[in-house]
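Down below is the structure, laid out as structure tokens.
Bear in mind that the values here come from a model prediction, so they are computed numbers and not experimental data.
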Amino acid sequence: MCTIINDTNYIEQQERAAIKKFLWVAVPVWVILAALSGWINLRQGIYVAGDFLYSRGQGYYSRQQDEIRMYEEGSDTRFEVIWDGIKNDAALVWGAAVGNNGTQVCVTFQDGNIIEGIWNGETLSDAYGKDLAFGQFDIVVAVNGKRSPVSDIAWSKIFCRLSLGDTDTKGSLVFIFIGTMSYVLGVLSFLFPDKTHFFLRGWQYERAELSDGGRLIAKTGGIMVMVLGGIIMLQIFL
């Protein structure tokens, strides 16, 4: 009987040691994934026609060859844009407040086109509250690597936001949360295959226990779920 107890204690000690070794790897990996996910998802910038331009410093946003530069010049704000290799400059001037409807704004582009409207915090509208882009559809299609031009109204909206310091984040904390939950579930499935497999249904069995093959499959599935969690956190393939 003493030998059986000693053998049982030895096995339990080995299992605890294996769990600790796995956690010594799994926890630092999660910390790295969480840090990278935060860097990827919470970076500031601005979305332009579905593409995200990262904030690179005061008034500077870029992604590959696309960029936006913003300069304050007295009461005016000047913008220099390079989009698909085409340079476009514009000047934004804020006007008076229009009651509770918003603030008048005028954007003059380098080709002489002028966009005037009322900025309500979300979009540009006319004096009657109608969106200036009503009836227009900005469909961006890539042809031979070139996208359709972004309309001056769309640029004006972006300039209004940037002028007020209103930016976007690349992703969301949701990716970090869902990825972490998936990762933790994978860790639990690997460390405790029997308990996770029979979770909430173990009471149906007199002795709920997986076979060696079942444990191997459960552990393999756990690793796959951990990998999936990492993919979600890093937005790989998303």
Side-chain angles (χ1 to χ4, degrees), residues 38-173 175 235 237-238:
W39 182 74
I40 291 172
N41 288 290
L42 304 183
R43 291 182 69 183
Q44 294 294 313
I46 191 75
Y47 273 103
V48 179
D51 289 324
F52 190 79
L53 276 63
Y54 296 94
S55 176
R56 307 292 186 180
Q58 185 64 33
Y60 178 43
Y61 306 85
S62 70
R63 177 181 179 271
Q64 297 178 356
Q65 303 303 314
D66 301 323
E67 65 177 46
I68 300 174
R69 294 182 183 271
M70 181 176 65
Y71 305 93
E72 299 291 343
E73 297 181 345
S75 59
D76 299 356
T77 305
R78 183 167 58 88
F79 292 89
E80 294 180 356
V81 176
I82 297 178
W83 187 257
D84 272 340
I86 300 175
K87 190 172 183 297
N88 188 15
D89 294 349
L92 181 149
V93 180
W94 290 103
V98 185
N100 295 325
N101 296 327
T103 306
Q104 292 179 338
V105 63
C106 176
V107 181
T108 304
F109 291 85
Q110 65 181 16
D111 61 1
N113 188 28
I114 298 176
I115 303 296
E116 292 182 298
I118 299 172
W119 178 252
N120 61 13
E122 296 181 358
T123 188
L124 282 169
S125 61
D126 59 20
Y128 302 98
K130 181 179 178 181
D131 194 322
L132 295 183
F134 183 78
Q136 297 184 8
F137 300 92
D138 292 328
I139 301 176
V140 180
V141 181
V143 180
N144 295 327
K146 293 291 184 179
R147 296 160 296 191
S148 298
V150 179
S151 70
D152 286 348
I153 293 178
W155 279 122
S156 297
K157 293 179 181 180
I158 292 170
F159 296 157
C160 286
R161 291 188 58 197
L162 293 179
S163 177
L164 296 173
D166 181 17
T167 57
D168 303 311
T169 56
K170 177 66 168 59
S172 170
L173 286 172
F175 290 100
Q235 291 195 52
F237 307 127
L238 298 179

message = Tell me whether the count of non-hydrogen atoms from other residues, nucleotides or ligands lying under 6.0 Å of CD in E73 goes above 12.
response =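 Yes, because the 6.0 Å sphere around CD of E73 holds more than 12 heavy atoms from other groups.
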inquiry  = Checking L92 against V105 for the side-chain contact (heavy atoms from CB on, under 4.5 Å) test, could you report, in this order, the C-alpha distance in whole Å, the side-chain angles of both residues, the deciding distance, and whether it holds?
reply    = CA-CA 7 Å; L92 181 149; V105 63; 3.7 Å; yes
If I compare all heavy atoms of [X] with all of [Y], which pair ends up nearest, and what's the gap?
{"X": "D168", "Y": "Y47", "result": "OD2-N, 3.0 Å"}
{"X": "L124", "Y": "S156", "result": "CD1-CB, 3.6 Å"}
{"X": "E67", "Y": "S62", "result": "CB-CB, 3.8 Å"}
{"X": "C106", "Y": "I114", "result": "SG-CG2, 3.6 Å"}
{"X": "A90", "Y": "V107", "result": "CB-CG1, 4.1 Å"}
{"X": "I40", "Y": "K170", "result": "O-CB, 3.1 Å"}

Measuring from atom [atom1] of [X] to atom [atom2] of [Y], what distance do you get when rounded to the nearest 0.5 angstrom?
{"X": "E72", "Y": "T77", "atom1": "CD", "atom2": "OG1", "result": "3.5 Å"}
{"X": "W94", "Y": "L164", "atom1": "CH2", "atom2": "CG", "result": "4.0 Å"}
{"X": "R78", "Y": "R69", "atom1": "CZ", "atom2": "CZ", "result": "11.0 Å"}
{"X": "S151", "Y": "L132", "atom1": "OG", "atom2": "CG", "result": "10.0 Å"}
{"X": "T169", "Y": "I46", "atom1": "OG1", "atom2": "CD1", "result": "10.5 Å"}
{"X": "N88", "Y": "F79", "atom1": "CG", "atom2": "CZ", "result": "12.0 Å"}

inquiry  = Quick test of your reading: applying side-chain hydrogen bond (donor to acceptor under 3.5 Å, both in side chains), list the pairs with at least one residue in residues 116-128, sequence neighbours left out, ordered by first then second residue.
reply    =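 Only T123-D131, T123-K157 qualify under side-chain hydrogen bond (donor to acceptor under 3.5 Å, both in side chains).
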Answer yes or no: is there a side-chain heavy-atom contact under 4.5 Å between [X] and [Y]?
{"X": "W155", "Y": "W83", "value": "yes"}
{"X": "T167", "Y": "S55", "value": "no"}
{"X": "D66", "Y": "V48", "value": "no"}
{"X": "F159", "Y": "V81", "value": "yes"}

key: D152: side-chain hydrogen bond (donor to acceptor under 3.5 Å, both in side chains) partners, not counting sequence neighbours   =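 If we apply the side-chain hydrogen bond (donor to acceptor under 3.5 Å, both in side chains) test to D152, skipping adjacent residues, the hits are N113.
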ask   = Relative to Y54, does R63 satisfy both conditions: NZ or CZ under 6.0 angstrom from the six-membered ring centre, and within 45 degrees of the ring's axis?
value =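 Because its charged atom misses either the 6.0 Å distance or the 45° angle limit, R63 does not stack over Y54.
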